[in-house]
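Take a look at the structure set out below.
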Amino acid sequence: MSKALEGVRVVDMTHVQAGPVCTQLLAYMGADVIKIERPGGGDVTRSQLRDLEDVDSLYFTMLNGNKRSLTLNMKSDEGKEVFTKLLERSDVVVENFGPGVMDRLGYPWERIHEINPEIIYASLKGFGPGALEKAKAYENIAQATGGAMSTTGFEDGPPVATGAQIGDSGNAVHLFGAICAALYQRTQTGRGQRVQISMRAGILNLCRVKLRDQQRLEHGPLREYPNQEFGDFVPRSGNASGGGQPGWAVRCKPTTEKGANAWLYVVIQPQVWEPLMNKIGRPDLIENPDYATPEARLPHLQDIFDVIEEWTIKRTKWEAFEELNSINVPCGPVLSTKDLIEDEGLRAEGLIVDVDHPDRGTYSTVGCPFTLSDSPVEVTRSPLLGEHSAEILEELLDIQESELERLSAAGAV
Ligand code: CAO
């Protein structure tokens, strides 16, 4: 069966997390992704957070599956020559270097567009134009500057970063979507274009509802929030959804000595109020005027979740989930990373996948988060550094062994 992006060649100059996750998605969709790396060390993540000596880290292997690796010294004349030819023969080039790096290498957008007017040049930076434009950025800097940290955590505690990598992997998804849109437009115009995203822009997009609440504040307190007092900005609201349906994480019976993650997240839709109160043995609250309607419940949400917790604490999170789910109460157990990686259902779904690697043996990785009925994904391992250099140079640029030796001796590949 064909793949959605079969025939699309991607020059992948990305490193660390945000860029590589984007190009891995392009590769999952069938694009030929050629990862360009500095000879010697390659992407810095190959050797960061290593669990095994001298073996590509899980940080690298889990973000760079399904790609080919070409080593190229972009600061040498020979390396630039090869890169220019690659651009001529490719559809997309992606990079997430610090500000100004591509210009310093001699490849601003104008030059790339001149070399190949059909190529899509996608870049991800920390920030767009303005005061922060020249700043480098990592995950939590994006979360801090895009509105995520100031709205995450509890009111009386410090701002908190999420475990989900919304700045890096989250923006990789934004960039993936933008590249696919540009590829589609090219089918009509025949022209490539420049695609740009900043990590902060992506976070802001994910914080859209918090900006909604910022404007609602002008008309009074946010009554769906558990907070008692409001200033002139959206406060941290713990585990409240702050949305149309109130929710909270309630404690359950621990199953391990440490009791880690013995929690269930419960949402009270209006239509489940009655069955929920019956289930937890509090039918007296159903018609109580302080609790009978969603509006009446707003000032008492904390009391209500305390009452629910008196019931869940006698059950494990899975027992409580089964019982509440059976009466259609939206809820979900708080799952640990151990729960997830050992989950047979996620493996059956192809979301946790085992891959063989020549140096590290088998490792588990995360598969493609979506499915296309006409474009199956087969997850393959990440490449070793420069594993496909000879193959790519011969196949695409007709560079034979003797020339390859010259390039290698010059330190270009
Ligand atoms: N051959 C030769 N040189 C190469 C090369 C190659 N194949 N690939 C990269 N380089 C060089 C670049 O030319 C550049 O050198 P100069 O600084 O001399 O121009 C350097 O390697 C890379 O610079 P950088 O600024 O991208 O890297 P850094 O480690 O200093 O900063 C990061 C890393 C992530 C902070 C920065 O790249 C950045 O802000 N990127 C944009 C935001 C982003 O993606 N952040 C995600 C981080 S994941 O948590």
Side-chain angles (χ1 to χ4, degrees), residues 11-24 34-49 57-60 62-64 67-84 86-87 93-108 111-112 121-129 132-146 148-149 161-176 178 195-203 383 385-386 388-389 392-393 407-408 410-413:
V11 177
D12 177 8
M13 307 185 76
T14 66
H15 66 158
V16 205
Q17 183 181 163
V21 169
C22 167
T23 51
Q24 183 169 254
I34 298 173
K35 182 162 174 110
I36 294 188
E37 295 176 86
R38 213 187 316 228
D43 187 330
V44 67
T45 61
R46 282 190 187 266
S47 53
Q48 270 179 348
L49 311 177
S57 71
L58 286 164
Y59 193 5
F60 178 84
M62 291 179 72
L63 273 47
N64 288 284
K67 304 180 186 179
R68 299 200 281 173
S69 168
L70 165 68
T71 46
L72 207 56
N73 179 359
M74 292 288 300
K75 288 187 174 166
S76 70
D77 291 342
E78 295 88 343
K80 288 183 204 292
E81 228 175 89
V82 168
F83 181 67
T84 302
L86 268 180
L87 289 180
V93 54
V94 193
E95 59 90 13
N96 66 317
F97 291 131
V101 169
M102 286 299 277
D103 295 356
R104 290 199 289 279
L105 285 172
Y107 292 93
R111 168 109 200 273
I112 290 177
Y121 169 35
S123 58
L124 179 146
K125 306 286 160 212
F127 306 96
L132 300 172
E133 188 175 356
K134 294 203 163 57
K136 291 181 178 178
Y138 282 102
E139 172 68 47
N140 292 348
I141 294 175
Q143 289 196 28
T145 54
M149 271 179 92
T162 65
Q165 304 285 285
I166 55 178
D168 284 331
S169 292
N171 278 315
V173 181
H174 282 118
L175 190 59
F176 169 75
V195 174
Q196 291 172 283
I197 185 171
S198 74
M199 292 171 78
R200 180 159 75 157
I203 296 278
L385 181 61
H388 305 97
S389 293
I392 293 166
L393 294 177
L407 290 173
S408 182
V413 291

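Note that this is a predicted model, so its numbers are computed, not measured. Whatever order the structure lists them in is the order used to number ligands and atoms, beginning at 1. We use all heavy atoms of the structure for the numbers below, so side chains are in, but hydrogens, waters and symmetry mates are not. Along the sequence shown, residues carry numbers from 1.
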* Numbered atoms of ligand 1 (with element) below 4.0 Å of E37, judged on heavy atoms -> 7 (N)
* Test item, G19 contacting ligand 1 (heavy atom, 4.0 angstrom) -> no
* Asked: Should one rank N96, N140, N171 by closest heavy-atom distance to atom 41 (C) of ligand 1, which comes out on top?
  -> N96
* Going by heavy atoms in the side chains, are E95 and K125 under 4.5 Å from each other? -> yes
* Sub-4.0 Å heavy-atom contact, M13 with ligand 1 -> no
* Closest candidate by heavy atom, reference atom 12 (C) of ligand 1, pool V101, L105, V16 -> V101
* Provide, to 0.1 Å, the distance between atom 26 (O) of ligand 1 and the closest protein heavy atom, together with that atom's residue and name. => G98 N, 2.7 Å
* For atom 8 (N) of ligand 1, which of F127, F83, F97 has the closest heavy atom? -> F97
* **For atom 28 (P) of ligand 1, closest protein heavy-atom neighbour** => K136 NZ, 3.7 Å
* Asked: Which atoms of ligand 1 sit under 4.0 Å from any heavy atom of H15?
  -> 26 (O), 27 (O), 33 (C), 37 (O)
* Look at atom 32 (C) of ligand 1 and say which protein heavy atom is nearest, naming residue and atom and giving the distance to 0.1 Å. => Y138 OH, 4.0 Å
* Looking at atom 17 (O) of ligand 1, what's its closest protein heavy atom, distance included? -> R104 NH2, 3.4 Å
* Asked: Which residue and non-hydrogen atom of the protein lie closest to atom 11 (C) of ligand 1, and at what distance in Å?
  -> R38 NH1, 3.7 Å
* Asked: Of all the non-hydrogen atoms in the protein, which one sits nearest to atom 45 (N) of ligand 1, and at what distance?
  -> A137 O, 2.8 Å
* For atom 7 (N) of ligand 1, which protein heavy atom lies nearest, and how many Å away is it? -> L72 O, 2.8 Å
* Asked: Judged by modelled atom types alone, do Q17 and Y138 share a side-chain donor-acceptor pair under 3.5 Å?
  -> no
* Run down the list M74, Q17, K75 and name the one with the heavy atom closest to atom 13 (O) of ligand 1. => K75
* What are the atoms of ligand 1, with element, lying closer than 4.0 Å to any heavy atom of L124? -> 41 (C), 43 (C), 44 (O)
* Asked: For atom 46 (C) of ligand 1, what's the nearest protein heavy atom and its distance?
  -> D168 OD1, 3.3 Å
* For the pair Y107 and T84, evaluate side chain to side chain contact (heavy atoms under 4.5 Å, CB included) and give the outcome as yes or no after the intermediate values. => CA-CA 9 Å; Y107 292 93; T84 302; 2.7 Å; yes
* To do: Check whether any side-chain heavy atom of V21 lies under 4.5 Å from a side-chain heavy atom of D168, and answer yes or no.
  => no
* Beyond-backbone contact of E37 with S69, side-chain heavy atoms, under 4.5 angstrom -> yes
* To do: Please tell me if the side chains of H388 and L70 come closer than 4.5 Å, counting only heavy atoms from C-beta onward.
  => no
* Asked: Any side-chain heavy-atom pair from T71 and V413 closer than 4.5 angstrom?
  -> yes
* Looking at N73, which atoms of ligand 1 are within less than 4.0 Å of one of its heavy atoms? -> 1 (N), 2 (C)
* Asked: Do any N or O atoms from the side chain of Q48 and from the backbone of R46 form a donor-acceptor pair under 3.5 angstrom?
  -> no
* **Derivation and outcome, side chain to side chain contact (heavy atoms under 4.5 Å, CB included), residues I141 and R200** => CA-CA 9 Å; I141 294 175; R200 180 159 75 157; over 6 Å; no
* Per-atom contacts, ligand 1 versus G126 - under 4.0 Å to a heavy atom -> 42 (C)
* Asked: Taking the side chain as C-beta and beyond, is there a heavy-atom pair between D43 and L63 under 4.5 Å?
  -> no
* Taking the side chain as every heavy atom from C-beta outward, state whether T14 and K35 have any atom pair closer than 4.5 Å. => yes
* Before giving the answer on side chain to side chain contact (heavy atoms under 4.5 Å, CB included), spell out for I34 and V11 the whole-Å C-alpha distance, their side-chain angles and the decisive distance to 0.1 Å. => CA-CA 5 Å; I34 298 173; V11 177; 5.7 Å; no
